[in-house]
Amino acid sequence: MDKKFNIGQKLVASPYIVWVAVFVVVPLLMVAYFAFFGDEGKFTLEYIKSVGQYSDIFIRSIWMAAVATIICLLISYPLAFILSRMSKKTQSTMLMIVMLPMWMNFLLRTYAWMTLLGNEGLINHLLGMIGLGPFKMLNTVGAVILGMIYNYLPYMILPLYSVMEKIDPSVLEAASDLGCNRIKAMFRVVVPLSIPGIMSGITMVFVPAISTFIISRMLGGGGNMLIGDLIEMQFLGNAYNPNLGAAISLVLMVIVLIIMAAMHQLDSSDDDRVLL
Amino acid sequence: MKKLSKLYVSLVLLFLYVPIFVMIVFSFNTTKSRSVLSGFTLEWYAKLFENELILKSLGNTIIIAVCASIISTLLGTLAAIGISRMGKFGKATVLGINNIPIINPEIVTGVSLMLLFVFFKARMSMEFGFTTLLIAHITFDVPYVVLNVMPKFRQMTPHIYEAAQDLGCGPFKSFIKVVLPEIMPGIISGFLMAFTFSLDDFVISYFTSGPTSQTLPITIYSMTRRKVSPEINALSTIIFVVVVIVLVVKNIMERRSLNVKKYADDDSAEIIE
């Protein structure tokens with residue numbers, strides 16, 4: 001191939017490289033700068049240290065996101081398996097039906113639960129008709145976790161389904177011919193083959209769940225603040241303090257990277273990654 | 001077992017759809033109540049179409065999504081061409097950086113761009129508004145275009161480009177005639193992905209838009225802050241109907257093109273026979 005043209009072809013990437021450098025790399029460096037340097041440009045660990053004050057919020061975010069992720073996995077796993085064993089035509093229709101709610105903005109989906117769970121909402125109204133309640137459901141930890149599950153469930157179903165769809169039915173037949181019952185075949189054949197899907201599902205639910213700030217605000221009231229709310233308050237809220245906000249963002253990024261690295265480690269067959 | 005499976009699938013679908021259907025039903029309710037149906041009305045829809053803020057932000061959303069997805073498709077396709085010619089190390093580095101906006105929590109991307117724009121504002125008096133929003137959208141759209149176009153280069157037979165040149169096409173002409181048609185499906189799916197992400201984005205827009213350039217998700221957010229507003233139910237219903245129509249049309253078109261392909265394959269099989 002013409003060598004000159006080959007260099008020319010490499011150069012066509014330069015607008016993109018400049019773009020990414022200015023709008024991805026530089027902003028992240030600014031986050032790091034704000035986290036470590038005060039107003040006078042002096043190096044300080046003060047902001048990183050003061051993140052420690054909010055350890056309760058960090059712990060709450062991590063466990064709520066973890067609970068939501070586990071429940072998503074438990075709900076999605078059987079569903080994805082059932083879908084993957086349907087006829088090809090039904091599969092594509094069912095998949096469309098499962099993914100459809102995801103195409104609506106998550107604010108609208110979360111708002112739907114606000115109206116359902118409220119003290120004067122439909123659920124309490126229906127319970128009232130059989131003489132129960134009203135129960136306080138909105139502005140609780142449970143409501144926030146429910147909102148996370150409802151919003152991110154499709155992110156778990158999709159990667160699980162796409163690995164299970166590739167499992168040949170004859171493999172399962174072979175397992176039963178060799179004396180496995182259904183449950184045993186599930187744990188000894190399907191689960192090991194679907195590990196990559198489980199790992200990417202966990203990442204795709206956990207990362208948005210731990211960093212959300214709207215779901216907690218809409219369904220959790222003021223009392224269930226998460227890391228996302230804390231960051232938002234430092235930049236757009238009353239507590240304006242971009243240095244602290246940057247430090248919290250940095251810690252959040254580190255947590256996310258650790259989780260992703262751990263998932264990557266557990267998933268040894270990483271040549272067939274399922275992204276989206 | 002079959003019955004149990006069906007029951008399970010129905011339960012999950014019920015969980016996914018009941019909240020949406022409740023919103024749809026209550027969008028026709030005469031009172032603001034969230035639990036008692038008292039009569040049928042289209043009042044909330046009428047109010048929605050009179051609401052200038054919503055119409056304006058819908059317009060903003062579409063303009064931003066169109067501009068951002070076109071620019072990021074151009075930028076990303078050119079990038080994919082260049083990256084596919086790079087050495088192993090260069091490729092890995094660029095693709096690694098390309099993944100940052102995808103794996104980073106949205107709020108961190110939003111906050112980091114906000115810090116940059118605050119700096120721009122102080123130094124170059126660039127206000128938060130259309131430009132900052134557009135830059136932010138392009139920034140989170142481009143990685144998806146690159147990821148959609150790159151595999152097409154891997155699937156392409158590397159020699160057809162050289163063959164075109166051997167047969168007398170110049171480098172540019174052989175690119176247009178041979179390479180572009182091969183990577184076109186990736187470009188289109190990248191564009192569509194960028195477009196839908198731009199339409200739907202809230203978190204990053206929230207940190208990078210100004211008062212003059214509010215998008216629909218931001219307006220929806222400020223509406224949900226108010227206690228009760230049945231207009232949101234009406235808006236959700238309209239969006240739901242649009243989504244259903246788009247997805248059904250897309251599904252039908254995909255099936256058709258699949259059938260056409262099948263027939264074409266059958267034909268070629270017959271010829272071989």
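Hydrogens, waters and symmetry mates play no part in the numbers below; they use all other heavy atoms, side chains included. Naming convention: chains lettered A, B, ... in sequence-line order (proteins, then strands); numbering from 1 in each chain.
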Which bit of [X] comes within less than 4.5 Å of chain B, counting heavy atoms only: side chain, backbone, both or neither?
| X | answer |
| --- | --- |
| A/L108 | both |
| A/L153 | side chain |
| A/E232 | both |
| A/P242 | side chain |
| A/M218 | side chain |
| A/F81 | neither |
| A/I123 | neither |
| A/T93 | both |
| A/M99 | neither |

Specify which of [options] makes the most heavy-atom pairs with chain B at under 4.5 Å.
| options | value |
| --- | --- |
| A/P78, A/P154, A/G245, A/S249 | A/P78 |
| A/V20, A/I75, A/I157 | A/I75 |
| A/F106, A/W19, A/F235, A/W103 | A/W19 |
| A/L28, A/V26, A/V207, A/V22 | A/L28 |
| A/L252, A/I149, A/I97 | A/I97 |
| A/L29, A/V31, A/N105 | A/N105 |

Establish, yes or no, whether a centroid distance under 6.0 Å links the rings of B/F140 and B/F197.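 No, the ring of B/F140 stays outside the 6.0 Å limit from the ring of B/F197, centre to centre.
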
Please tell me whether A/F213 and B/Y206 form a close aromatic pair, meaning their ring centres lie under 6.0 Å apart.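 Under 6.0 Å, so yes.
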
Most heavy-atom pairs under 4.5 angstrom with chain A, which of [options]?
| options | result |
| --- | --- |
| B/N251, B/L16, B/I239, B/I220 | B/L16 |
| B/V108, B/V94, B/V203, B/V18 | B/V108 |
| B/L199, B/I83, B/I97, B/N98 | B/N98 |
| B/L13, B/L247, B/V243 | B/L247 |
| B/T196, B/N104, B/V36, B/L11 | B/N104 |

Would you mind checking which part of [X] comes under 4.5 Å of any heavy atom in chain A, side chain (CB onward), backbone (N, CA, C, O), both or neither?
| X | result |
| --- | --- |
| B/V242 | neither |
| B/I135 | both |
| B/M86 | both |
| B/V22 | side chain |
| B/D200 | both |
| B/I100 | side chain |
| B/F21 | neither |
| B/V9 | both |

With no hydrogens and no angle check, just 3.5 Å: does a side-chain donor-acceptor pair link [X] and [Y]?
| X | Y | result |
| --- | --- | --- |
| A/N241 | A/Y47 | no |
| A/N124 | B/S35 | no |
| B/H137 | B/T208 | no |
| B/R255 | A/S92 | yes |

Parallel, tilted or perpendicular: which describes the rings of B/F15 and A/W113, with under 30° parallel and over 60° perpendicular?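 Answer is tilted, since the angle falls between 30° and 60°.
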
In terms of ring plane angle, is the pair B/F120 and B/F117 parallel, tilted or perpendicular, where the classes change at 30° and 60°?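 Ring orientation, 0 to 90° scale: tilted.
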
Take atom CG in A/L74; do more than 12 heavy atoms of anything else shown fall under 6.0 Å from it?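 Atom CG in A/L74 is packed in, count exceeds 12.
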
Evaluate whether atom NZ of A/K88 has more than 12 neighbouring non-hydrogen atoms of other residues, nucleotides or ligands under 6.0 angstrom away.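 More than 12 within 6.0 Å, yes.
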
How long is the straight-line distance from NE2 of A/H264 back to CE of A/M260, given to the nearest 0.5 Å?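 Here the rounded value is 9.0 Å.
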
A/L107 CG to A/R109 CZ distance, which is reported to the nearest 0.5 Å: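 Separation between the atoms: 9.0 Å.
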
Should A/Y33 and B/L115 count as side-chain neighbours, where that means a heavy-atom distance under 4.5 Å?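 SC-SC contact between A/Y33 and B/L115 ruled out.
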
Mark yes or no: B/R85 above the aromatic ring of B/Y161, with NZ or CZ under 6.0 Å from the six-membered ring centre and no more than 45 degrees from the axis.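 Yes - B/R85 lies over the ring of B/Y161, closer than 6.0 Å to its centre and within 45° of its axis.
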
Using the rule side chain to side chain contact (heavy atoms under 4.5 Å, CB included), only one of A/L257, A/V251, A/I258 pairs with A/I255; which is it?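 Among A/L257, A/V251, A/I258, the one that satisfies the side chain to side chain contact (heavy atoms under 4.5 Å, CB included) with A/I255 is A/V251.
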
Check whether any side-chain N or O of B/E106 sits under 3.5 Å from a backbone N or O of B/I204 as a donor-acceptor pair, and report yes or no.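 Answer holds: no.
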
